[in-house]
Amino acid sequence: MTDSKLPGLLVFENPIIRGFNPDPTICVLPSTATTPTQYFLSTSTFEYFPGCAIYFSEDLINWKLIGHALTRRSQIELRTVEPGAGSWASTLRYRPQEKRWYLTNGLFQRYRLTADERIFPRGFYVWTDDIFEETTWSDPVYFDNPGFDQDLFWDDTNGKVYLSTTVRISKRELDSKLKDFAIHISEIEIESGRTLTPPVVIRESPHGIAEGSHIMRRGKYYYMFVAEGGTEAGHQEWVFRSIDGPLGPWEGQGKALWYNGPDEEVQRTGHADVFEDGKGKWWAVFLGVRPIKKDGKFLEPQLGRETYLVKVKWVDDWPIFNAGKNITFLTEGREHVQRIEPTTSDPTIQWSARLDQPELELGWYQKNTPLKKCYSLTERPNALRIHGSCYDLSSPEAPSMLLRKQESFNETFNATLYFKPSKSGYEAGLTIWWSMYSYASIGITAIDGENGKTLRTVVKRKPLGQAGNLEVCSHLLSKLIAQVDSVALSAEATPTTYVLSLKHGSETERITFDVEDLCVTPPVGGAFTGVMFGLYALGKWEPVLDPADFTDIHVRTMRAS
């Protein structure tokens, strides 16, 4: 395709994977006589379950979610972790000698950056011989070295395996004003994860943060790609090379590969993984954000960190990303590849839930690892039934809530709710979710009426721009609902606002609020994810004995964004 902004060039549109999909890592399965080259990519999931999304593509532009690497409590135990903790950046690699995929990961159980309090995880890897079947991933093989953003590198020149990871420098100055997170590397025994050599610091950043390391070999050089400057406005990517091996010494260019600043349409770019596409061409995937500007300033990017792609060229054995230019939405490619949008009878419907099968389709998430299954697709035909638990939406525990990522600035998440609560405090509805400290919801609840009768009413929660501060209005401010069988719920997103609505009979209840009132920094943890839409059911410190049934669940997109 061509575009007037890039005349005469083949271009594609970034991001290639939209919505909250940070820290991309990629590996390539070369073509055979019967199959084309296949690409597999994983992104981070942080406090959400299942963990480590796995995407598949045959053209680098169109990606399909095929599963998750961490789907069992034995792999991903996230009880009461705070926002921004949980499952951090992975490395996904394929070993053709073994016909096996490896994925490294690390789970932060505590990450309180405002108090400089962190429990660095003991990372691990899981493996599978069938990446298309998510249940085949192994239980974790744990490393000895602590840290995050684990990377595995097999040096086929000597048969050794190296683990690089980010952890705080042990000999840091006590009065240091920097975080002093550096890349450390050790030789390990891959079968057990056991450390064989003491960790060596191979990159300290002048910014105080070096993370997201990926080591590879091309020709006579070893290369190390490192994300530096933190994942906020200063995020950037650096590259180093060594002729001797993973332990160095490493040489650099004295500057970042590129830097997308805080005034550009794509920002916070970095955390790159570089690969050859099976045709002799080189590329890189990395994260970035696309914030909206309002009143002269950029809002916190509600879609979170997304996955971007650029081509890479090698000059004098150094990589050049995107022809040396900063990243924009329209990006120079190498051949014509059309992005395939979903085809439905209604062209405005981007996605519609499959409710006629025994299990949830891919793309639904829960906050934290759930203690037990809270939903069913078989108890009521063609409906998603949620059994409310004793935990509300502000609880550190996993509430009975199912979430899907917001993928564009202009879309509406819709559902029909059938719910007849028989006891005061029972509640079910729809949420626009940022974290347990900031969200909006609208739903049906029960209150005690006269003569012992239980009445249904609307309950609404609205974020007010401060973590933990929600405006709640229910029976005192809302009209009582007649005994209708169902209500229509919707969450409408625009680039700068959200609207939650509940329609019952001829009347509609609404909540309207601004993006900046929702996307606020939590008091503990961090804001590393993106907005999600969700369905929930809850009770006041007791299980809900009346099921909440949701039907006609779909996302309607007004225009591409």
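If you read the sequence from its start, that first residue is 1, and numbering goes on from there.
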Apply the test ring pair (Phe, Tyr, Trp, His ring centres under 6.0 Å) to residues F286 and W258: give CA-CA distance (whole Å), side-chain angles for both, the deciding distance (0.1 Å), then the verdict.
CA-CA 12 Å; F286 54 92; W258 82 91; 5.1 Å; yes
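- A cation-pi arrangement is not found for R168 relative to F181, the charged atom failing to lie both closer than 6.0 Å to the ring centre and inside a 45° cone about the ring normal.
- Put simply, the side chain of Y162 reaches to within 4.5 Å of the side chain of D155, judged on heavy atoms.
- Below 30°, between 30° and 60°, or above 60°: for F132 and F56 the angle between ring planes is above 60°, a perpendicular geometry.
- For S205 (side chain) and H207 (main-chain N/O), a donor-acceptor pair under 3.5 Å exists by modelled atom type.
- Under the salt bridge (charged side-chain N to carboxylate O under 4.0 Å, His left out) criterion, D130 pairs with no residue, sequence neighbours left out.
- Looking only at atom types and distance, the side chain of T166 has no donor-acceptor partner in the side chain of D149 under 3.5 Å away.
- L152 places a side-chain heavy atom less than 4.5 Å from the side chain of I190.
- Contact between N322 and N326 at its shortest, heavy atoms only, is ND2-O, 3.1 Å.
- Side-chain contact between S44 and F528 is absent, with no heavy-atom pair separated by less than 4.5 Å.
- The shortest heavy-atom contact between S74 and D139 is OG-OD1, 2.8 Å.
- In this structure the side chain of L287 reaches within 4.5 angstrom of the side chain of P24, judged on heavy atoms.
- Considering every non-hydrogen atom in both P206 and E228, the closest pair reads CD-OE1, 4.2 Å.
- Checked by atom type and distance alone, the side chain of Q253 never pairs as donor or acceptor with a backbone atom of A256 at under 3.5 Å.
- Figure legend: cation-pi geometry between R404 and W364, with NZ or CZ positioned under 6.0 Å from the six-membered ring centre and within 45° of its axis.
- For the residue pair N410 / S408, no side-chain donor-acceptor distance below 3.5 Å is found, with atom types taken as modelled.
- A heavy-atom distance below 4.5 Å is found between the side chains of Q406 and L303.
- D277 contributes no side-chain N or O that, together with a main-chain N or O of V28, makes up a donor-acceptor pair within less than 3.5 Å.
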Verify side-chain contact (heavy atoms from CB on, under 4.5 Å) between F321 and V274, making sure each step is shown before the conclusion.
CA-CA 10 Å; F321 281 48; V274 178; 3.7 Å; yes
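- Partner of Y102 under the ring pair (Phe, Tyr, Trp, His ring centres under 6.0 Å) criterion, out of W137, W127, Y125: Y125 alone.
- R556 and T412 form no side-chain donor-acceptor contact under 3.5 Å, judged by distance and modelled atom types alone.
- Side-chain N or O atoms of E204 include none that pairs as donor or acceptor with a backbone N or O of A210 at under 3.5 Å.
- Under 3.5 Å, the side chains of D151 and S213 contain no donor-acceptor pair of N or O atoms.
- E133 and T136 form no side-chain donor-acceptor contact under 3.5 Å, judged by distance and modelled atom types alone.
- Between the OG1 atom in T128 and the CH2 atom in W101 there is a gap of 7.5 Å [rounded to 0.5 Å].
- Two residues are said to be in side-chain contact when any heavy atoms from C-beta on lie closer than 4.5 Å; V226 and W250 fail this criterion.
- Side-chain atoms of S186 never come within 3.5 Å of backbone atoms of I188 as a donor-acceptor pair (strictly under, hydrogens ignored).
- Listed here is the closest heavy atom pair of R18 and N21: O-ND2, 3.2 Å.
- Judged purely by distance below 3.5 Å, without hydrogens or angles, the side chains of Q150 and T104 never pair a donor atom with an acceptor atom.
- Between the CZ atom in F148 and the CZ atom in F108 there is a gap of 5.5 Å [rounded to 0.5 Å].
- In the model, S42 has no side-chain atom that pairs as donor or acceptor with a side-chain atom of S90 under 3.5 Å.
- Counting all heavy atoms, side chain and backbone alike, Q366 lies closest to M401 at CG-O, 3.4 Å.
- In terms of modelled atom types and a separation under 3.5 Å, the side chain of T369 and the main chain of L78 share a donor-acceptor contact.
- Considering CD of E134 and CD1 of I66, their distance stands at 9.5 Å, rounded to 0.5 Å.
- The OG1 atom of T25 sits 13.0 Å away from atom CZ of F40, with the distance rounded to the nearest 0.5 Å.
- In this structure, the side chains of L41 and S57 stay at 4.5 Å or more apart for every pair of heavy atoms.
- Although no hydrogens or angles enter the test, the distance criterion places no donor-acceptor pair under 3.5 Å between the side chain of Q350 and the main chain of T557.
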Walk me through it: do V81 and Y111 pass the test side-chain contact (heavy atoms from CB on, under 4.5 Å)?
CA-CA 8 Å; V81 302; Y111 182 76; over 6 Å; no
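- We find the CD-CG distance between Q267 and N260 to be 8.0 Å, quoted to the nearest 0.5 Å.
- Rounding to the nearest 0.5 angstrom, the gap separating the CD1 atom in I553 from the CZ atom in F413 is 6.0 Å.
- In this structure, E359 pairs ionically with K373, as a charged nitrogen and a carboxylate oxygen lie closer than 4.0 Å.
- Under the 6.0 Å distance and 45° angle rule, R203 counts as a cation-pi partner of W238.
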Yes or no on side-chain contact (heavy atoms from CB on, under 4.5 Å) for I61 and L309, after CA distance, side-chain angles and deciding distance?
CA-CA 9 Å; I61 301 299; L309 171 76; 4.2 Å; yes
Could you give me the CA-CA distance, side-chain angles and deciding distance for Y375 and L360, then say whether side-chain contact (heavy atoms from CB on, under 4.5 Å) is met?
CA-CA 9 Å; Y375 63 89; L360 274 180; 3.5 Å; yes
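- In this structure a side-chain-to-backbone donor-acceptor pair under 3.5 Å is present from Q75 to A69.
- Side-chain polar atoms of N14 and T331 form a donor-acceptor pair below 3.5 angstrom.
- In terms of heavy-atom proximity, G278 sits nearest to T37 at CA-OG1, 4.5 Å.
- For the pair K367 and Y365, the cation-pi test (distance below 6.0 Å, angle within 45°) is failed.
- One finds no salt bridge joining K179 and E211 here, because no Lys/Arg side-chain nitrogen approaches an Asp/Glu carboxylate oxygen to under 4.0 Å.
- Pairs of residues two or more places apart, or lying in two chains, that qualify as side-chain hydrogen bond (donor to acceptor under 3.5 Å, both in side chains) and include a residue from residues 303-313 are T231-R305, R290-E306, K311-E332.
- Figure legend: cation-pi geometry between R334 and W283, with NZ or CZ positioned under 6.0 Å from the six-membered ring centre and within 45° of its axis.
- With hydrogens and angles ignored, the 3.5 Å screen pairs a side-chain donor or acceptor of D59 with a backbone N or O of N62.
- Judged purely by atom type and a 3.5 angstrom limit, Q236 uses its side chain to pair as donor or acceptor with the backbone of G234.
- Residue pairs meeting the salt bridge (Lys or Arg N to Asp or Glu O under 4.0 Å) criterion with at least one partner in residues 261-275, sequence neighbours excluded, are R93-D273, R268-E300.
- A heavy-atom distance below 4.5 Å is not found between the side chains of Q109 and P121.
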After noting the C-alpha distance and the side-chain angles of Y221 and W314, does the key distance pass the ring pair (Phe, Tyr, Trp, His ring centres under 6.0 Å) rule?
CA-CA 12 Å; Y221 286 108; W314 296 87; 9.4 Å; no
